[in-house]
**Q** 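Dumping the structure here so I can ask a few things about it.
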Amino acid sequence: LWHAPDTWVWALIATLGLIALAPRDSAAWFTGVNLGLLWLIVYTAQGAALLEFFLRKVRIPVVGRSFLHALILLMPTVVAVIAFGVVDIWADFRKVRTPQV
């Protein structure tokens with residue numbers, strides 16, 4: 001049921017903007033790349049939690065889930081996992097967030 005706080009997406013957006021706008025090989029660009037790696041890890045974890053939710057929903061055994069996680073995270077499909085992690089902020093696929101009043 002883990003998910004990153006919704007407001008963290010603004011830090012991701014600011015980091016991507018820093019990478020895009022700062023001159024390459026500057027201190028700002030280097031800082032943006034390092035912060036980008038941090039957000040990559042955060043949203044990979046969120047995407048993996050989303051993947052785990054769906055695999056449990058279809059009742060795949062632990063060994064099968066572990067194999068699928070390893071297969072997906074070791075291939076270029078990890079980009080899709082990261083994208084699902086970011087999109088989960090708005091779509092809330094698992095319905096784990098409490099409604100804001």
Side-chain angles (χ1 to χ4, degrees):
L1 296 178
W2 182 84
H3 64 88
D6 294 342
T7 54
W8 285 10
V9 75
W10 293 108
L12 171 67
I13 292 168
T15 299
L16 293 176
L18 184 63
I19 293 170
L21 298 176
R24 192 169 172 93
D25 296 332
S26 68
W29 181 83
F30 185 72
T31 302
V33 169
N34 283 303
L35 286 172
L37 291 173
L38 171 74
W39 296 120
L40 178 81
I41 292 168
V42 167
Y43 288 107
T44 300
Q46 182 162 326
L50 183 63
L51 177 64
E52 177 69 13
F53 170 78
F54 285 121
L55 291 176
R56 283 181 184 231
K57 194 172 184 179
V58 294
R59 298 186 179 173
I60 295 178
V62 175
V63 175
R65 288 195 316 259
S66 300
F67 177 74
L68 286 172
H69 275 290
L71 187 67
I72 289 171
L73 292 176
L74 291 175
M75 298 184 122
T77 54
V78 72
V79 175
V81 172
I82 296 167
F84 281 132
V86 173
V87 171
D88 187 48
I89 295 167
W90 297 287
D92 195 18
F93 295 114
R94 300 170 285 168
K95 308 293 184 229
V96 294
R97 291 170 181 80
T98 56
Q100 300 290 328
V101 184

**Q** Indicate the atoms forming the closest heavy-atom contact of Val42 with Ala4, along with that distance.
**A** CG1-CB, 3.9 Å
**Q** With salt bridge (Lys or Arg N to Asp or Glu O under 4.0 Å) as the rule and sequence neighbours excluded, what pairs involving residues 63-84 come up?
**A** Glu52-Arg65
**Q** List in chain and number order the residues that pass side-chain contact (heavy atoms from CB on, under 4.5 Å) with Leu71, two or more places apart in sequence or in another chain; answer none if no residue qualifies.
**A** Phe67, Met75
**Q** How many angstroms lie between CG in Leu37 and OG1 in Thr44, if you round to the nearest 0.5 Å?
**A** 10.0 Å
**Q** Does CZ belonging to Phe30 count more than 12 external heavy atoms closer than 6.0 Å?
**A** no
**Q** Between atom CD1 of Ile82 and atom CG of Leu12, what is the distance when rounded to the nearest 0.5 Å?
**A** 10.0 Å
**Q** Linking Ile, Leu, Val, Met, Phe, Trp and Tyr by side-chain heavy atoms under 4.5 Å, what else ends up with Val62?
**A** none
**Q** Find out whether Asp88 and Tyr43 are in side-chain contact, i.e. whether some heavy atom of one side chain is under 4.5 Å from a heavy atom of the other.
**A** no
**Q** How many angstroms lie between atom CG of Leu35 and atom CG of Leu40, to the nearest 0.5 angstrom?
**A** 12.5 Å
**Q** Please name all residues satisfying ring-ring contact (aromatic ring centres under 6.0 Å, His included) with Trp29, sequence neighbours left out, ordered by chain then number.
**A** none
**Q** Answer yes if Leu73 and Ile41 sit in the same cluster of Ile, Leu, Val, Met, Phe, Trp and Tyr residues linked by side chain heavy atoms under 4.5 Å apart, and no otherwise.
**A** no
**Q** Keeping to residues at least two apart or across chains, list the side-chain hydrogen bond (donor to acceptor under 3.5 Å, both in side chains) pairs with something in residues 7-21.
**A** Thr15-Trp39
**Q** Please list, chain by chain and in numerical order, all residues satisfying side-chain contact (heavy atoms from CB on, under 4.5 Å) with Ala28, sequence neighbours excluded.
**A** Leu18, Ala22, Ser26
**Q** Membership question, hydrophobic clusters at under 4.5 Å side-chain separation (ILVMFWY): are Leu51 and Leu74 in the same one?
**A** no
**Q** Which pairs with one or both residues in residues 30-44 pass salt bridge (Lys or Arg N to Asp or Glu O under 4.0 Å), sequence neighbours excluded?
**A** none
